[in-house]
Amino acid sequence: MARYLITSAIPYINGIKHLGNLIGSQLPADLHARYLRGRGHEVLFLCATDEHGTPAELAAARAGRPVAEYCAEMHAVQARLSQGFRLSFDHFGRSSSPENHRLTQHFALRLAAAGLISEVTERQMYSVADGRFLPDRYIEGTCPNCGFTDARGDQCDNCTKQLDPGELINPRSAISGATDLELRATRHLSLRQSAMRDRLAAWIDGKTGWPILTTSIARKWLNDGDGLQDRGITRDLAWGVPVQFPGAPWTGMEGKVFYVWFDAPIEYIACAQEWVAAGKGRDWERWWRTDRGAGDVTYIQFMGKDNVPFHTLSFPATILGSGEPWKLVDYIKSFNYLNYDGGQFSTSRGRGVFMDQALAILPADYWRWWLLSHAPENADAEFTWENFQAAVNKDLADVLGNLVSRVTKFCRAKFGESVPEGGTWGPREATLAADLGQRLDAFEGHMDAIEIRKAAAELRAIWVAGNEYLQAAAPWTVVRTDPAAAAAAVRLALNLIRLYAILARPFIPDAAAAMMGALGCEDWAWPDDLGAALTRLPPGHPFATPDVLFRKITDEERADWQVRFAGRR
RNA sequence: GGGCCCGUAGCUCAACGGUCAGAGCAGGGCGCUCAUAACGCCUCGGCUGGGGGUUCGAAUCCCUCCGGGCCUACCA
């Protein structure tokens with residue numbers, strides 16, 4: 001039994017996430033956490049909401065609410081939706097927690113002591129009317145390159161040219177439209193990533209088994225231009241972890257907070273402290289401190305590709321720079337994007353399916369199966385309703401659901417609702433067991449390697465093997481001439497249902513529970529001994545014929561949803 | 001502009017430089033009748049985006065062109 005620490009990129013507090021966000025980190029992380037638990041390993045699976053930053057402040061202001069209140073409410077919403085999707089976090093924390101405040105300030109102190117923090121004075125755009133400094137993208141104006149009137153301060157959406165907010169013609173606040181903007185000097189802390197460039201590069205170079213998506217993004221940042229740049233880690237905001245605190249080695253930083261991308265990854269650690277504070281665990285240090293028992297922990301992070309630079313460079317710079325024995329990540333699984341029906345998911349335009357909407361129309365397992373079996377691992381993937389309908393109906397309803405149905409109903413009709421006795425395995429059963437053994441090896445290999453699509457395909461093939469066997473054994477025919485042989489076949493088929501429940505549980509936990517529940521069994525032990533697993537339910541063991549596991553998606557529903565989710569939420 | 005990724009059957013995707021490029025879905029045929037009009041078997045289907053090159057051998061490596069996508073450090 002080994003120990004695994006798993007974190008999912010923490011979703012931003014601002015609004016309900018769409019299916020692209022879900023498959024980009026949380027769902028794959030949950031799959032892996034559930035799989036490792038199923039195999040008997042000790043797992044700590046953490047996630048949280050990322051609550052700081054300008055968008056949170058603005059969203060709260062728009063809602064006419066204090067930002068702390070707004071975040072608390074949105075955290076509850078996201079927590080509820082996470083539960084709805086059966087995301088099995090050991091704790092779902094908040095980056096605004098007291099634990100994260102303390103820890104973020106602690107890291108800043110350590111980095112300062114190590115000489116890795118510098119103070120820089122910058123000139124930034126200040127909006128007098130809004131009473132705040134504006135991030136580049138919150139300044140709009142006319143593009144000096146193409147004349148587009150709604151260009152943003154960081155880039156023109158029309159001609160894609162990179163801009164500096166000072167270049168905009170007739171600049172205005174994107175928040176209020178105010179034009180009384182002025183450049184003001186402001187002092188900030190900067191993390192001297194450049195000083196850690198070689199150390200980070202060597203660390204990345206040692207990670208030969210990482211996804212190419214992960215390492216190529218990291219290398220790009222390490223080697224681009226003059227190499228890894230220092231990064232500002234503070235902002236002129238009210239909502240966040242205060243930069244000025246008792247014991248801080250700097251002065252005059254009142255009214256500033258740490259940049260979200262400094263404090264958000266630290267929440268991975270703080271979340272473990274919250275987990276303890278919530279009474280769910282006893283010792284967070286044995287997961288995070290290599291000097292306190294975390295030396296044997298394997299730490300795996302899941303995230304979308306947009307998060308890779310922060311997890312491969314900034315956060316490791318924080319960890320390494322602290323000079324303290326914190327656990328560093330061992331494997332970073334990153335994902336491309338999921339697109340929606342020929343375009344991108346769009347939160348602002350309400351294009352695509354969002355987590356709350358998804359659960360309102362179908363149970364979590366339907367979504368989990370499709371998303372995981374189409375995870376954007378090697379390239380951007382696309383959600384279409386046709387594909388979703390076909391995959392769900394075929395894989396879940398026909399191949400798996402119907403198998404459970406035909407076996408239990410046949411048994412009930414011919415032998416009653418208990419595992420039939422009599423008969424023995426013949427060559428056909430031995431062949432099936434051998435085939436399943438090979439497929440199980442392949443499945444485990446793919447799951448261990450976090451090759452999610454391949455694992456899903458193999459799992460489906462394992463289900464198909466059950467139908468093939470049943471078709472060949474044909475107990476409905478055999479029962480007329482050799483009831484004992486038919487009983488042996490049905491007994492094996494009933495045990496297959498239990499096996500499938502165990503293997504499928506990481507993907508479709510509710511259906512797996514329904515299958516196991518129908519069998520009146522609570523033994524979820526991983527089938528390390530396949531032969532034993534296939535005879536686990538003994539003759540005479542009672543079961544209950546379950547309801548339909550997965551209903552089919554009709555053409556009418558598909559057509560309706562296609563229209564409903566096309567845009568303008 | 002620079003960098004990275006992708007392009008394989010109608011669709012979604014596989015394939016350490018090495019048998020005849022494979023699966024699923026869709027299409028066609030047959031079988032079965034336990035089952036959610038479900039299941040099984042067989043079958044059709046490819047100049048691996050185009051063009052050059054390296055190699056005994058290229059989907060795979062190199063160059064180039066075309067097409068799609070992403071990143072480019074103040075959204076997070």
Side-chain angles (χ1 to χ4, degrees), chain A residues 9-14 50-56 58 122 124-125 133-139 152-155 160-162 164-165 174 188 193 212-213 215-217 219-221 223-225 228-232 235-236 259-261 264 304-310 313-314 336-337 339 344 373-374 376-382 384 386-387 389-391 393-414 451 453-454 456-458 460-461 464 466-477 479 486 489-490 493 547-552:
Chain A
I10 63 179
Y12 199 64
I13 192 68
N14 181 13
D50 178 14
E51 305 194 357
H52 297 140
T54 306
L58 296 180
E122 299 168 350
Q124 291 188 359
M125 211 61 99
F133 283 92
L134 296 177
D136 290 358
R137 71 159 41 197
Y138 283 98
I139 300 161
R152 291 189 324 213
D154 57 341
Q155 181 179 39
T160 74
K161 183 177 171 57
Q162 305 285 308
D164 185 276
H188 281 294
Q193 297 185 140
I212 189 167
L213 185 64
T215 51
S216 65
I217 291 173
R219 291 213 170 84
K220 157 75 171 168
W221 282 56
N223 301 322
D224 195 37
L228 186 63
Q229 302 296 296
D230 295 345
R231 178 179 273 274
R235 293 290 185 275
D236 289 290
Y259 177 41
V260 280
W261 265 118
K305 58 185 168 187
D306 50 333
N307 282 340
V308 169
F310 303 101
L313 304 168
S314 307
N336 287 283
Y337 292 144
N339 291 315
Q344 295 190 334
S373 61
H374 293 79
E377 291 176 297
N378 298 319
D380 289 353
E382 176 162 321
T384 65
E386 289 85 356
N387 190 306
Q389 178 193 26
N393 287 356
K394 196 73 193 170
D395 300 347
L396 295 182
D398 294 347
V399 175
L400 177 62
N402 182 57
L403 176 70
V404 172
S405 198
R406 65 194 296 206
V407 169
T408 52
K409 285 182 179 172
F410 178 76
C411 185
R412 179 176 60 182
K414 299 296 179 188
E451 293 268 12
R453 280 180 183 241
K454 289 178 183 172
E458 197 60 48
R460 192 197 126 102
V464 167
N467 279 310
E468 288 171 355
Y469 166 75
L470 211 58
Q471 189 70 25
W476 47 88
T477 302
V479 71
V490 170
D547 294 331
V548 165
L549 278 182
F550 299 99
R551 72 172 184 84
K552 296 205 186 192

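Below, read A as the first sequence line, B as the second, and so on, with proteins coming before strands; counting in each chain starts at 1.
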It should be established whether [X] places a side-chain nitrogen or oxygen under 4.0 Å from OP1 or OP2 of nucleotide [N].
| X | N | result |
| --- | --- | --- |
| Arg460(A) | rC25(B) | yes |
| Lys454(A) | rC13(B) | no |
| Lys220(A) | rC5(B) | no |
| Tyr259(A) | rA76(B) | yes |
| Arg551(A) | rU36(B) | no |
| Arg137(A) | rC75(B) | yes |

When all nucleic acid strands are considered with a 4.0 Å heavy-atom cut-off, which category describes [X]: base, sugar-phosphate, or nothing?
| X | result |
| --- | --- |
| Gln344(A) | sugar-phosphate |
| Tyr337(A) | sugar-phosphate |
| Val548(A) | base |
| Ile212(A) | sugar-phosphate |
| Glu386(A) | nothing |
| Arg453(A) | sugar-phosphate |
| Lys409(A) | sugar-phosphate |
| Val464(A) | sugar-phosphate |
| Asn378(A) | sugar-phosphate |
| Asn402(A) | base |

Counterpart base for [N], defined by Watson-Crick or G-U wobble contacts under 3.5 Å:
| N | answer |
| --- | --- |
| rG7(B) | rC66(B) |
| rA23(B) | rU12(B) |
| rG31(B) | rC39(B) |
| rA58(B) | none |

Between [N] and [M], how far is it from one [atom1] atom to the other, in whole Å?
| N | M | atom1 | answer |
| --- | --- | --- | --- |
| rC63(B) | rC70(B) | P | 24 Å |
| rC6(B) | rU12(B) | C1' | 15 Å |
| rG3(B) | rC41(B) | P | 50 Å |
| rA9(B) | rG2(B) | C1' | 36 Å |
| rG29(B) | rC13(B) | P | 29 Å |

> Distance from Arg235(A) atom CZ to Trp261(A) atom CH2, nearest 0.5 Å?
Replying inline: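 Rounded to the nearest 0.5 Å, the CZ-CH2 separation comes to 12.5 Å.
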I want to verify a distance call: between [options], whose nearest atom is closest to the [X] side chain?
| X | options | answer |
| --- | --- | --- |
| Trp221(A) | rU72(B), rC70(B), rU12(B) | rU72(B) |
| Val260(A) | rA76(B), rC13(B), rA35(B) | rA76(B) |
| Glu468(A) | rC34(B), rG40(B), rC75(B) | rG40(B) |
| Arg406(A) | rA35(B), rC4(B), rA76(B) | rA35(B) |
| Lys394(A) | rA76(B), rC25(B), rC34(B) | rC25(B) |

> Closest heavy-atom contact between Trp476(A) and Arg406(A)?
Replying inline: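 Looks like CH2-NH2, 3.5 Å.
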> Would you say Trp476(A) stacks on rC34(B), if stacking means ring centres under 5.5 Å apart and planes within less than 30 degrees?
Replying inline: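 So Trp476(A) counts as stacking on the base.
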>> Take a 6.0 Å sphere around CG of Asp164(A) and say whether it holds more than 12 heavy atoms from other residues, nucleotides or ligands.
In response: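 Yes, CG of Asp164(A) has more than 12 neighbouring heavy atoms, counting only those of other groups under 6.0 Å.
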